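Structure first, then comments.
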Amino acid sequence: MSDATIIDGKAFAAGLREKVAAAVTGLKDRHGLEARLDVVLVGDDPASHVYVRNKGKQTEEAGMVSVEHRLAVDAPEQELLGLIDRVNGDPAVNGILVQLPLPDQIDEQKVTAAISPEKDVDGFHVVNVGRLWTGAEAPVPCTPYGCLLMLKETLGDLKGKRAMVLGRSNIVGKPMAALLLAEHCTVNIAHSRTRDLPERCAEAEILVVAVGRPEMVRGDWIKPGATVIDVGINRIDAPEKGANEDGSPKTRLVGDVAFDEAVKVAGAITPVPGGVGPMTIACLLRNTVIAACRQNGLPDPEV
Ligand code: GUN
């Protein structure tokens, strides 16, 4: 059997960003409106810094206004809630994103609930979660939506497909299951306590993996010909690449799926890096321009 088709998330995301940029131009030229995304970063987690920098850069490249708010790692919860209150009330702000995870002194649920649902471009507010599960119009969490777009591009109609979502986080697993259900898939959700996990995964025509464990899913967990979406981004030691100047081993990025094994079995698969990752920010930009239109009583743009 020939190797799986590699799903090019990088190219797909570039196409989506172009559509968003065109919608932003339309908003400006026809209505004199600027779309604006405010991102809040608390503390100095290096990975979060990289994400936030990339978000800011791509927001500006799409023609939107990007504002970054930085709070100290020991900032009290009240300071963050006060900031959210201010941006909620600022009509110039269309989208608000508070980068997760947050330091221990801050209650993530309280923060998510404080963001105005109309400006919640992550789709994490309970009102938006409820809207998603009940089929109402809502901003859809960015990573699962990016996965869905790639699945539709690869498979076309998803109706009746047997899907397995491995991972049950609020950010990826649960909203992914809601989206696949809305596409009329038969959906299973598996997790660390699932019995016979490899066998359950091997029944799936669509396998979405978001567990944060490097290369956990092996080739024999995959149904021949299945479409595999790997959400994991894990940095592992790569001694085969040699050492850094300080003697520490060089590292490389891997997904939650053992790619070299899976590519021999799957029908199509996303690589890491270059699969799901680039789609997430593109979907965030999409949610922001949609939010800007809705807040100004305009129809949704074609993105
Ligand atoms: N941290 C990791 N992924 C995300 C995301 O999609 N949104 C937010 N706000 N924080 C994250």
Side-chain angles (χ1 to χ4, degrees), residues 9 13 16-17 37-59 66-71 73 75 77 80-81 83-84 87-88 93-104 106-129 132 138-150 165 167-179 208-213 229-235 253 255-256 272-273 275-288 290-291:
L16 180 53
R17 288 199 304 269
L37 173 64
D38 282 37
V39 174
V40 184
L41 178 59
V42 186
D44 37 36
D45 176 62
S48 291
H49 267 265
V50 174
Y51 290 142
V52 167
R53 196 173 338 119
N54 285 336
K55 280 172 194 163
K57 187 166 159 268
Q58 293 187 29
T59 303
S66 163
V67 176
E68 208 177 295
H69 306 266
R70 290 190 181 215
L71 270 57
V73 67
E77 188 178 86
L80 177 55
L81 293 174
L83 170 60
I84 292 172
V87 281
N88 275 342
V93 179
N94 304 112
I96 302 168
L97 180 147
V98 177
Q99 183 68 26
L100 304 177
L102 289 166
D104 289 345
I106 299 178
D107 179 347
E108 237 165 63
Q109 284 190 350
K110 219 189 237 182
V111 168
T112 305
I115 296 170
S116 156
E118 281 61 48
K119 297 186 179 186
D120 168 33
V121 282
D122 266 325
F124 293 166
H125 192 289
V126 284
V127 163
N128 289 326
V129 175
L132 175 64
V140 175
C142 304
T143 300
Y145 191 69
C147 296
L148 182 72
L149 290 179
M150 290 191 288
V165 180
R168 53 175 158 177
S169 70
N170 291 326
I171 293 184
V172 185
K174 287 181 203 165
M176 187 76 245
L179 290 172
V208 181
V209 187
V211 284
R213 298 249 218 120
I229 306 289
D230 187 353
V231 181
I233 302 177
N234 309 286
R235 190 167 283 285
L253 290 180
D256 293 347
V272 177
V276 175
M279 288 298 288
T280 296
I281 297 183
C283 291
L284 172 69
L285 304 178
R286 174 182 178 275
N287 278 353
T288 306
I290 292 173

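Whatever order the structure lists ligands and atoms in, that order sets their numbers, starting from 1. Small disclaimer: the values here were computed from a predicted structure and weren't measured.
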Would you check whether [X] has a nitrogen or oxygen atom less than 3.5 angstrom from a nitrogen or oxygen atom of ligand 1?
X: Thr280; result: no
X: Leu100; result: yes
X: Tyr51; result: no

Report yes if the side chains of [X] and [Y] come closer than 4.5 Å at any heavy-atom pair, otherwise no.
X: Gln99; Y: His49; value: no
X: Cys147; Y: Met279; value: no
X: Val276; Y: Asp230; value: no
X: Thr59; Y: Thr288; value: no

Close approach of Phe124 to ligand 1, heavy atoms, under 4.0 angstrom: yes

Enumerated ligand 1 atoms positioned under 4.0 Å from heavy atoms of Val98: 8 (C), 9 (N)

Interfacing atoms of ligand 1 (cut-off 4.0 Å, heavy-atom, Leu97): 9 (N)

Heavy atoms of other groups near Arg235 CZ, more than 12 under 6.0 Å: yes

Atom 7 (N) of ligand 1 [closest protein heavy-atom partner, distance rounded to 0.1 Å]: Asp122 OD1, 3.0 Å

Within-cutoff protein neighbour (heavy atom, under 4.0 Å) for atom 9 (N) of ligand 1: yes

Minimum heavy-atom distance Val87-Asp38, with the two atoms named: CG1-OD2, 3.4 Å

